[in-house]
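Given the structure is predicted, the values throughout are model-derived calculations rather than measurements.
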Number of protein chains: 2
Amino acid sequence: MSDSTRDRIINVADALFYQKGFEHTSFSDIANSVGISKGNFYHHFKTKDEILNAVIDFRLFRTRELLNAWHTSEAEPDKRIQCFIKILITNRAKIKLYGCPVGTLTTELGKLSHPLLVDANKIFTLFKDWLASQFEELGKCKSESEALAMQLLARSQGSATIASAFGDEEFLYEEVESHVRWLNEIK
Amino acid sequence: MSDSTRDRIINVADALFYQKGFEHTSFSDIANSVGISKGNFYHHFKTKDEILNAVIDFRLFRTRELLNAWHTSEAEPDKRIQCFIKILITNRAKIKLYGCPVGTLTTELGKLSHPLLVDANKIFTLFKDWLASQFEELGKCKSESEALAMQLLARSQGSATIASAFGDEEFLYEEVESHVRWLNEIK
DNA sequence: AAGATGTTAGGATGACCGTCCTATTTTGTC
DNA sequence: GACAAAATAGGACGGTCATCCTAACATCTT
């Protein structure tokens with residue numbers, strides 16, 4: 001991502017939406033954090049939904065890149081699934097503070113009945129479909145692969161929520177161990 | 001709970017905080033929904049934090065009642081744990097729409113850096129300690145019981161979040177089945 | 001019945017927010 | 001270098017919100 005003003009806005013908004021939530025983040029918050037005026041901000045994004053839309057697109061892009069990276073760095077599907085499981089550890093510090101960026105955004109947009117909820121959910125679907133395809137490569141049938149992908153998504157979500165609620169980073173390590181054991185049992 | 005104005009306010013606020021989130025619910029929202037004036041509302045609760053505090057206390061009270069009910073209706077600790085597991089089914093319709101009331105509130109208050117986050121987390125602790133004591137009755141040592149309680153909390157949280165994100169009520173049934181199987185394996 | 005206390009209504013206030021507008025500066029093009 | 005286009009600044013606007021105030025009404029006590 002370049003350092004154009006537009007991209008800097010998206011980067012800052014991405015972080016603030018994660019840390020403070022979408023509704024609790026104001027235009028001024030973002031503009032101040034980027035170091036630009038409100039007028040300049042408005043030149044790039046006319047409405048709050050526009051910036052939210054850009055952030056979601058950015059997250060979708062980053063997620064695809066992440067999945068591609070795992071796909072090329074790991075040859076075996078179970079190793080790839082382990083990459084997913086271990087993001088809880090990679091991002092443990094932020095998860096402890098702010099929970100899972102995907103889960104917390106979709107939950108908030110759901111309560112706001114926000115029209116862009118549909119798009120935010122695409123990030124979940126991206127992970128789900130990718131996980132399902134890995135389980136298929138492991139030899140599972142299509143329907144079971146779907147179910148296993150949903151299960152693993154749910155487990156990761158729960159680990160993040162509870163680690164955040166109890167401010168317990170260590171819990172994430174225990175959960176990752178448990179998820180890896182689960183993976184080894186079913187494969 | 002009686003039908004005094006104060007109690008009616010708490011009931012409505014409880015529901016609205018769950019459905020729309022704390023920040024997205026205004027004084028007017030609550031007053032209108034109860035059918036009283038803003039001035040009347042103010043007579044009972046001076047600040048938004050005061051009503052949030054009352055709602056949290058109410059939820060703590062209701063949670064204690066729920067746990068006591070399970071304690072008296074079920075003689076065996078594993079049956080009691082099953083009661084906890086099955087709230088996902090009991091509340092499936094609302095969970096699909098709004099997620100878990102405990103998890104979504106603590107997540108939101110966390111992002112707001114709200115001083116009452118500490119109190120909201122007590123609801124989680126209530127469930128955790130109660131679950132841990134049930135696992136102890138099952139014969140587990142104290143530290144393992146704590147760990148199992150956290151695991152089960154996390155699993156339930158994850159199931160609720162994913163069911164809500166995908167609008168998938170059926171998923172809750174599959175998850176409850178899976179959690180019950182897990183319980184039977186470890187006991 | 002009368003005064004005191006609790007309850008309700010409805011509007012005022014000041015702050016903040018999303019949005020919009022205008023003027024100025026910078027950048028790019030020929 | 002001149003001109004168009006893009007970028008930036010800063011403030012205006014209408015709305016909503018939490019909070020507060022005052023007055024009217026109801027209930028209770030004696």
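- Residues Leu117(B) and Thr106(B) come closest through the heavy atom pair CD1-O, 3.4 Å.
- Side-chain polar atoms of Asn40(B) and Ser37(B) form no donor-acceptor pair below 3.5 angstrom.
- For the pair Glu108(A) and Lys111(B), the salt-bridge criterion is not met [side-chain N within less than 4.0 Å of a carboxylate O].
- The side chain of Lys38(B) sits closest to dA18(D) out of dA18(D), dA7(D), dG10(D).
- For the pair Phe41(A) CZ and dC21(C) P, the computed distance is 18 Å after rounding to whole Å.
- The side-chain tip of Arg62(A) points at the ring of Phe58(A) from less than 6.0 angstrom away and within 45° of straight on.
- Taken residue by residue, residues 18-29 of chain B places heavy atoms nearer than 4.0 Å to DNA chain D at Thr25(B), Ser26(B), Phe27(B).
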Practice problem: For the pair Phe166(B) and Phe171(B), evaluate ring pair (Phe, Tyr, Trp, His ring centres under 6.0 Å) and give the outcome as yes or no after the intermediate values. | Solution: CA-CA 9 Å; Phe166(B) 288 94; Phe171(B) 179 65; 8.0 Å; no
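- Phosphate proximity of dA9(D) to Asn40(A): present, with a side-chain N or O under 4.0 Å from OP1 or OP2.
- Taking atom NE2 of residue His114(B) and atom C1' of nucleotide dA18(D), one finds them 12 Å apart after rounding to whole Å.
- Heavy-atom distances under 4.0 Å link DNA chain D to His44(A) of residues 44-55 of chain A, given in residue order.
- His114(A) and Asp49(A) form a side-chain donor-acceptor contact under 3.5 Å, judged by distance and modelled atom types alone.
- With hydrogens and angles ignored, the 3.5 Å screen pairs a side-chain donor or acceptor of Arg59(A) with a backbone N or O of Asp14(A).
- Minimum heavy-atom separation, Lys96(A) to Gly167(A): CE-O, 3.6 Å.
- The separation between Ile36(A) atom CD1 and dA6(D) atom P is 18 Å, rounded to whole Å.
- Across all strands shown, Tyr42(B) has heavy atoms under 4.0 Å from base atoms, whether or not it also approaches the sugar-phosphate.
- Summarising the geometry, atom CD1 belonging to Ile30(B) is positioned 12.0 Å from atom CG belonging to Asn11(B); distances are rounded to the nearest 0.5 Å.
- For His43(B), counting side-chain heavy atoms from C-beta on, the closest listed nucleotide (dG6(C), dG10(C), dA7(D)) is dG6(C).
- Across the protein-nucleic acid pair, Arg6(A) atom CZ and dT8(D) atom C1' stand 17 Å apart, rounded to whole Å.
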